[in-house]
**Student:** 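Sharing a structure below in structure tokens format, with a few things to ask.
Worth knowing before you read on, the calculation uses all heavy atoms, side chains too, and leaves out hydrogens, waters and symmetry mates. These figures come from a predicted structure and were not determined experimentally.
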Amino acid sequence: MIRIVTHTRLAALQQDAKGARERAREVQGAADRAYAGHLRTVYDLTADAEAAEDAAEAARADAAIVRELLERTEAQLANARATVTEQLPGSMR
């Protein structure tokens, strides 16, 4: 079947194509902005996760130091108790 396209119909088709191209550019721009936003979010979340890991490692190091200090303090307390017990009069032992 042969279809005869009039000048008016051709102009309308060209206008429709132009509108479709403009809409495609708008959609592509929106998609690009959304993608860029997602990339920024991933970057921010990665930075936050790395900072949290660093903070957790620092907290573990601090906990190890505190644990060591506590063990020393417990040893000093045990020594102090032993000294006090030794100094008590013989009836109290």
**Student:** Output the distance between atom CG (Leu10) and atom CD (Gln14), rounded to the nearest 0.5 Å.
**Tutor:** 4.0 Å
**Student:** Distance check, rounded to the nearest 0.5 Å: Leu77 atom CG versus Arg72 atom CZ?
**Tutor:** 15.5 Å
**Student:** Could you tell me whether Arg67 and Glu71 make a salt bridge, using a distance below 4.0 angstrom between a side-chain N and a carboxylate O?
**Tutor:** no
**Student:** Would a distance-only check, ignoring hydrogens and angles, find a side-chain to backbone donor-acceptor pair under 3.5 Å from Arg33 to Gly29?
**Tutor:** yes
**Student:** Can you tell me how far CD of Gln76 sits from CZ of Arg81, rounded to the nearest 0.5 angstrom?
**Tutor:** 13.0 Å
**Student:** With side-chain contact (heavy atoms from CB on, under 4.5 Å) as the criterion, how do Arg21 and Arg25 come out once you've worked through the C-alpha distance, each side chain's angles and the decisive distance to 0.1 Å?
**Tutor:** CA-CA 6 Å; Arg21 282 190 298 274; Arg25 278 192 293 276; 4.0 Å; yes
**Student:** Write down the atom of Arg60, the atom of Glu53, and the distance for their closest heavy-atom approach.
**Tutor:** NH2-O, 4.5 Å
**Student:** Measure the spacing between OG1 of Thr46 and CG of Leu39 and express it to the nearest 0.5 Å.
**Tutor:** 10.5 Å
